[in-house]
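Before any comments, here is the structure.
Quick note: numbers below take in every heavy atom, side chains included, and nothing from hydrogens, waters or symmetry partners. Every chain is numbered from 1 and lettered A, B, ... according to where its sequence line falls, protein lines coming before strand lines.
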Amino acid sequence: MADKNVYKPRPISGFPEWSPEVRRTEQRWIDTIRRVFESYGYGNLETPSVEELDVLLAKGETDKEIYTLQRLHEGDGDEGGEARLGLHYDLTVPFARYAAQHFGELVFPFKRYQIQRVWRGERPQEGRFREFYQCDVDVIDLNGVSLTFDAEMAEVAHAVLSTLGIGPFRLRLSNRKILQGYLAGLGVADVIPAIRLLDKLDKIGAEGVVEALQVQLGLAAETAQRCVALAEISSSDASFVEAVRVLGVENELIDEGLEELVFVIEALGHLPEGRVVADLSLARGFDYYTGTVYEGAFLDYSDFGSICSGGRYDDLAGSFINQHLPGVGISIGLTRIFSKLVAEERLDLSRFSPTDVLVVLPGEEVRAVAAGVAQTLRGRGFNVELYHEPTKIGKQLRYAARKEIPFVWFPPFKPGETVHEVKDMAAGVQAEADAETWTPGG
RNA sequence: GUGACCGUAGCUCAGUCGGUUAGAGCGCCAGGUUGUGGCCCUGGAGGUCGGGGGUUCAAAUCCCCUCGGUCACCCCA
């Protein structure tokens, strides 16, 4: 034993691995999400875990932490060691590739959802993984996507999050055109970095942002202040428009953005108060978003990261096909949400095992009877396991108790006997039963 | 990628100023007689003290390197 060279297994940080009990709940979540997506008429797509690097990097965002795929011995031959494939970093890019590739067969507007793992080679942290599930819904259309869909995305995300019962949350919406037009109107050159800084408003505060804009981007104090003034605007109705007008910067792009955001916010007016708000500091997400942007967060854990996000993009598939394919979509961070609720012990892990009934095996001479009961119950839709060996009854019961199996079935202990009994483990009561008619309730 | 902190049984941790066979609780396994779980009692298994090197008569303890982890930044679900 001492000289046995064992590899001591350890978890790999950033790659979640749930126990069967927890995983069971996660699978229920996935089922729920799928049903909600389908209830809005979205069809499923599953793309390979890998894409060609040319596809993954098509937008030129080479700073992304992409895992590449290589054979261990690749490069031994004359093929060279350069990786050609990478694990997908999100689901939007594979979707865009798919849409471009199958362009001729699609029915537009093309609505699909995708629930798959994605991989990012970043440092793990709470709520931040290197392998995690994303649940994406997107619509793409030819020559312009109806703004109706911008509202639908938020509605679907809202439906998913409330159906899952994750506790209080809020979806914040904005439109990049507003911020972009405003910054252009103020003569700010570094639009993207400025947007990133403004997005930190709730994190580092107005003063922090003003200072960062001056120090990092060299903006004048007054300009920085006017930027923050815009970012501070938020409202759950269309009143944000007036607040923007007051700031006195005007151009076409701002008008366009305001008009779109008003349309979307008003279309979502039927959702519960406070669930959806217009928040002009919002700018998070990928650079390719051009119009509406979304971000969802827990209200209970305000400094936890975003739990869903998305937006409208002008032309995602443009790098793959000579067609204009604008779209809008949203992604729900299943793993992030789920892992947080697991950590906070807020998940209803009502039962560990899928087993409804454990059939006791009193002895080999009644195995056939016991197995018959198990089959009968399975035929009636119950999940049933038959104890594998005729050990002490106490041990079999302990097994059921530890797996939190709610019912234990006692077939007759001797051949020739006919009485079956069922024990309700939680109540501790045992009564005669018939496998053909027994029901858990009565 | 940058920075700070942390690594002792499966888990949570104790281990004095360096000192002999490294401990506890929980968990796990087996018993406590013949057909019934949770409680209790008894016993048992389980540790390269993250790894390597150094200082020393002697290292879990001090020093260096390294690997791993956590958190913050970056970025984002």
Side-chain angles (χ1 to χ4, degrees), chain A residues 1-14 16 19 33 61 63-66 88-92 114-136 157 160-161 192-193 196-197 199-200 203-204 212 216 283-287 289 293-298 303-311 329-340 358 360-363 366 387 390-414 417 419 421-430:
Chain A
M1 244 357 221
D3 56 350
K4 193 175 164 195
N5 196 9
V6 293
Y7 169 78
K8 186 177 179 180
R10 61 184 85 228
I12 303 173
S13 174
S19 65
I33 296 167
E61 296 174 28
D63 54 329
K64 283 181 180 175
E65 294 287 353
I66 291 174
H88 55 221
Y89 181 90
D90 63 19
L91 299 175
T92 311
Q114 223 168 319
I115 301 174
Q116 287 180 240
R117 293 177 212 253
V118 303
W119 293 267
R120 296 183 187 179
E122 300 178 75
R123 283 274 177 88
Q125 249 168 267
E126 186 194 29
R128 181 208 213 168
F129 299 88
R130 297 196 284 197
E131 174 179 67
F132 59 97
Y133 276 105
Q134 275 193 323
C135 312
D136 277 32
V160 166
L161 296 177
I192 298 282
R196 288 217 176 108
L197 287 175
D199 192 63
K200 296 188 193 305
K203 200 166 186 176
I204 62 177
Q216 293 181 33
R284 202 81 83 82
F286 294 115
D287 293 343
Y289 295 138
V293 284
Y294 315 88
E295 178 165 309
F298 283 119
D303 46 0
F304 194 66
S306 71
I307 60 175
C308 78
S309 84
I330 198 162
S331 175
I332 293 163
L334 168 60
T335 303
R336 178 172 279 183
I337 300 168
F338 187 77
S339 66
K340 182 60 174 172
L358 174 77
V360 162
L361 181 59
V366 291
Y387 201 79
T391 53
K392 295 195 294 188
I393 303 306
K395 190 172 176 181
Q396 300 191 36
L397 273 167
R398 182 169 145 77
Y399 174 78
R402 295 184 62 198
K403 285 185 74 171
E404 296 185 10
I405 297 170
F407 297 98
V408 172
W409 192 281
F410 293 90
F413 277 64
K414 297 280 183 326
E417 294 178 358
V419 177
E421 292 185 350
V422 175
K423 178 166 190 167
D424 179 328
M425 292 295 280
V429 297
Q430 193 166 327

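Within the shown strands, B:rA24 is the pairing partner of B:rU12 under the Watson-Crick or G-U definition, both distances less than 3.5 Å. Nucleotide B:rC39: unpaired (no Watson-Crick or G-U wobble partner with both distances less than 3.5 Å). Pairing of B:rG1, defined by two Watson-Crick or G-U wobble distances under 3.5 Å, is identified with B:rC73. In this structure, B:rU56 makes no Watson-Crick or G-U wobble pair, since no nucleotide meets both defining distances under 3.5 angstrom. Pairing of B:rG47, defined by two Watson-Crick or G-U wobble distances under 3.5 Å, is not identified with any nucleotide.
Across all strands shown, A:Lys200 has heavy atoms under 4.0 Å from sugar-phosphate atoms exclusively, and none from any base. Nucleic acid contact for A:Gly296: none, since no nucleic acid atom lies under 4.0 Å from a heavy atom of the residue. Among the heavy atoms of the strands lying under 4.0 Å from A:Phe129 is at least one base atom, whether or not backbone atoms are also near. Nucleic acid contact class of A:Phe410 (heavy atoms, under 4.0 Å, all strands): base.
Side chains of A:Pro16 and A:Thr335 form a contact here, defined as non-hydrogen atoms less than 4.5 Å apart.
Atoms CD (A:Glu122) and P (B:rC75) sit 10 Å apart, rounded to a whole Å. Rounded to an integer number of Å, the gap from A:Asp136 CG to B:rA77 P is 9 Å. Regarding A:Ile33, its CD1 atom lies at a distance of 12 Å from the C1' atom of B:rA77, rounded to whole Å. Straight-line distance from the CD atom of A:Glu295 to the P atom of B:rC75: 13 Å, rounded to whole Å. Remark: C1' of B:rC76 and CG of A:Asp303 are 16 Å apart, rounded to the nearest angstrom. Computed from coordinates, the A:Arg336 CZ to B:rC76 P distance equals 11 Å when rounded to whole Å. Spacing between atom CG of A:Asp199 and atom P of B:rC76 amounts to 9 Å, rounded to whole angstrom units. In this structure, A:Lys392 places its NZ atom 13 Å from C1' of B:rG37, rounding to the nearest Å.
Residue-to-nucleotide proximity on RNA chain B shows that, of A:Gly127 and A:Ser13, the 5′-proximal contact is made by A:Ser13. In this structure, A:Glu417 and A:Ile337 both approach RNA chain B, and ranking their closest nucleotides by distance from the 5' end singles out A:Glu417.
Residue A:Arg123 places a side-chain atom within donor-acceptor reach of the base of B:rU2, judged by atom type and a 3.5 Å distance cut-off alone. At a cut-off of 3.5 angstrom, the base of B:rA77 holds at least one donor-acceptor pair with the side chain of A:Arg120. Between the side chain of A:Gln430 and the base of B:rU36, a donor-acceptor pair under 3.5 Å is found. Between the side chain of A:Arg402 and the base of B:rC28, no donor-acceptor pair under 3.5 Å is found.
The phosphate of B:rA77 has neither OP1 nor OP2 within less than 4.0 Å of any side-chain N or O from A:Thr335. Look at A:Lys203 and you'll find a side-chain N or O under 4.0 angstrom from OP1 or OP2 of B:rC73. Phosphate contact (OP1/OP2 of B:rA30, side-chain N/O of A:Lys395, threshold under 4.0 Å): present. At the phosphate of B:rU70, neither OP1 nor OP2 sits under 4.0 Å from any side-chain N or O atom of A:Gln125.
Nucleotides B:rG50 and B:rC6 have their C1' atoms positioned 12 Å apart, rounded to a whole Å. Using P as the reference atom, B:rA60 and B:rA9 are 14 Å apart when rounded to the nearest Å. To the nearest whole angstrom, the two C1' atoms, one in B:rA59 and one in B:rG46, are 24 Å apart. Rounded to whole Å, the P atom of B:rA24 lies 24 Å from the corresponding atom of B:rG31. Between B:rC63 and B:rU55, the two P atoms lie 16 Å apart (nearest whole Å). For B:rC62 and B:rU70, the P atoms lie 24 Å apart once the distance is rounded to whole Å. For the P atoms, the distance linking B:rU61 with B:rG15 amounts to 15 Å, nearest Å. Taking atom P in both B:rC65 and B:rA4, the straight-line distance is 13 Å, to the nearest Å.
The nearest pair of heavy atoms linking A:Pro124 to A:Arg130 is CG-NE, 4.0 Å.
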Worksheet entry | Test log, rule side-chain contact (heavy atoms from CB on, under 4.5 Å), inputs A:Met425 and A:Phe407 | CA-CA 6 Å; A:Met425 292 295 280; A:Phe407 297 98; 6.0 Å; no
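The side-chain ring of A:Phe413 is stacked on the base of B:rG35, judged by centre separation under 5.5 angstrom and plane angle under 30 degrees.
Here B:rG37 is the nucleotide among B:rG37, B:rC76, B:rC71 with the atom lying nearest to any side-chain atom of A:Arg398. Taking every side-chain heavy atom of A:Phe132 into account, B:rA77 is the closest of B:rG35, B:rU36, B:rA77.
No side-chain donor from either of A:Lys395 and A:Tyr399 sits under 3.5 Å from a side-chain acceptor of the other.
In this structure, the side chain of A:Gln396 engages the main chain of A:Leu361 through a donor-acceptor pair within 3.5 Å. A distance-only check finds no donor-acceptor pair linking the side chain of A:Arg120 to the backbone of A:Glu65 [under 3.5 Å].
Within 6.0 Å of atom CD1 in A:Ile204, more than 12 heavy atoms from other residues, nucleotides or ligands are found, so the atom counts as buried in its surroundings.
A cation-pi contact, defined as under 6.0 Å to the ring centre and within 45° of the axis, links A:Lys340 to A:Phe304.
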